[in-house]
Q: 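Could you have a look at this structure, given as C-alpha cells, before my questions?
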Amino acid sequence: GAGVSQSPSNKVTEKGKDVELRCDPISGHTALYWYRQSLGQGLEFLIYFQGNSAPDKSGLPSDRFSAERTGGSVSTLTIQRTQQEDSAVYLCASSLVLRDLNTGELFFGEGSRLTVL
Amino acid sequence: GIQVEQSPPDLILQEGANSTLRCNFSDSVNNLQWFHQNPWGQLINLFYIPSGTKQNGRLSATTVATERYSLLYISSSQTTDSGVYFCAVGRAGGFKTIFGAGTRLFVKA
C-alpha cells in the first residue's frame, strides 16, 4: 500500500482478554518496528523485525506481549491477559534497509489506540 | 543502550518567532530523524539527517555526528507548528531506533 496501515484504529477491551493488533508495512520495506506511546509520553521501543526475524525482543514489557511477522510483510502484536496499564497507542513503522545495512527513514502508521477497562 | 536527550522539554512562542530545538545522543548513530507529532497524534516526518544540513521551507536541521548532536530550526513559527517534536536515533550497525522524550511546542496567535 501507499503507507503503513494499522488495524484496528481503536480497541476497547476488558481486563484479562487477549488482543491482536495488525500492521501492514509499506511494500518493499524489510524492516518493521513496534512502539508504544502512553498518554502524554514519548515513544517506547517494543520490537523490530528484519524480514521475518526479530533479533531484539528486549523492549517487550512482559511475557504477555508477543509479535510475529510472516512473509516479510504483515506483523501482528498480541497482548495476552490485558491489564489496565497496557492502555496506550501502539504505533507501527517500517523502513528500507540501506545498502550498508543501515536503517532507512522510518514511516509510521496512525496507530492502534488500546483501552483496557 | 544509546541515550537521547532533547531540550528544551517545553517551549511557548509567539507567532512569528524563531526557535532552535536540540537533540543530544550518547553514541555513534547511523540514522537520525526529526518528527512532528501533531495534536491528533499523527507522526509527520520532517528530516532524515544522520549528518549534514537540510532545509525544507521554514524548517531546517543540522546534525554534527562527530559531536553527537542535532539541531532543528523553526523560523517564523505558525500556530500549526504546535505539537511535540521528537528526535529519533539508531546506533551504527543496528536497527533499534530510540526516541527522545520530545519538545512540546505551543505557538500563540
Side-chain angles (χ1 to χ4, degrees), chain A residues 3-6 9-10 23 25-26 29-60 69 75 88-114, chain B residues 1-10 21 23 25 27-52 54 56 61 63 65 70 82-106:
Chain A
V4 178
S5 177
Q6 292 188 245
S9 54
N10 277 288
C23 174
I26 293 172
H29 280 193
T30 56
L32 185 148
Y33 313 78
W34 284 98
Y35 290 85
R36 178 169 74 172
Q37 188 175 31
S38 300
L39 188 62
Q41 303 299 309
L43 275 75
E44 175 189 5
F45 171 83
L46 298 180
I47 190 170
Y48 80 83
F49 289 89
Q50 168 56 4
N52 290 336
S53 72
D56 186 347
K57 300 180 181 180
S58 62
L60 294 176
R69 188 180 185 195
S75 175
V89 176
Y90 290 82
L91 290 156
C92 176
S94 70
S95 76
L96 292 170
V97 175
L98 304 179
R99 220 177 316 166
D100 53 2
L101 296 184
N102 288 328
T103 309
E105 188 174 0
L106 269 66
F107 293 89
F108 279 86
E110 296 194 352
S112 292
R113 182 177 300 276
L114 174 65
Chain B
I2 194 166
Q3 305 296 314
V4 185
E5 292 184 358
Q6 291 188 242
S7 60
D10 297 281
L21 281 58
C23 172
F25 43 94
D27 205 344
S28 301
V29 298
N30 71 3
N31 76 78
L32 187 146
Q33 285 187 250
W34 284 97
F35 294 91
H36 174 215
Q37 188 168 42
N38 65 22
W40 296 271
Q42 187 179 4
L43 278 163
I44 299 164
N45 291 36
L46 297 179
F47 296 102
Y48 175 78
I49 186 166
S51 64
K54 292 185 177 180
N56 185 0
T63 297
S70 183
S82 297
V84 184
Y85 289 80
F86 288 107
C87 167
V89 304
R91 201 201 311 255
F95 291 86
K96 187 173 178 177
T97 299
I98 301 300
F99 279 70
T103 292
R104 189 173 302 273
L105 173 65
F106 179 67

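This structure is a prediction, so every number in the text was calculated from the model and none was measured. Order of the sequence lines sets the chain letters (A, B, ...), proteins ahead of strands, with each chain counted from 1. Hydrogens, waters and symmetry mates are skipped; everything else that's a heavy atom, side chains included, is used.
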Q: Where do A/Phe45 and B/Thr97 come nearest, in terms of heavy atoms and distance?
A: CD1-O, 4.1 Å

Q: If you tally heavy-atom pairs under 4.5 Å against chain B, which of A/Arg113, A/Glu44, A/Glu110, A/Gln37 wins?
A: A/Gln37

Q: Heavy-atom cut-off 4.5 Å, strictly under: side chain, backbone, both or neither for A/Ile47 against chain B?
A: neither

Q: Using heavy-atom distances under 4.5 Å, tell me whether A/Ser58 contacts chain B through its side chain, its backbone, both, or neither.
A: side chain

Q: Quick one: do B/Leu43 and A/Leu106 satisfy side chain to side chain contact (heavy atoms under 4.5 Å, CB included)? Show the steps, please.
A: CA-CA 10 Å; B/Leu43 278 163; A/Leu106 269 66; over 6 Å; no

Q: Please report the interatomic distance CZ(A/Phe108) to CD(B/Gln37), rounded to the nearest 0.5 Å.
A: 9.0 Å

Q: Supply the atom-to-atom distance B/Phe99 CZ to A/Gln41 CD, rounded to the nearest 0.5 angstrom.
A: 14.5 Å

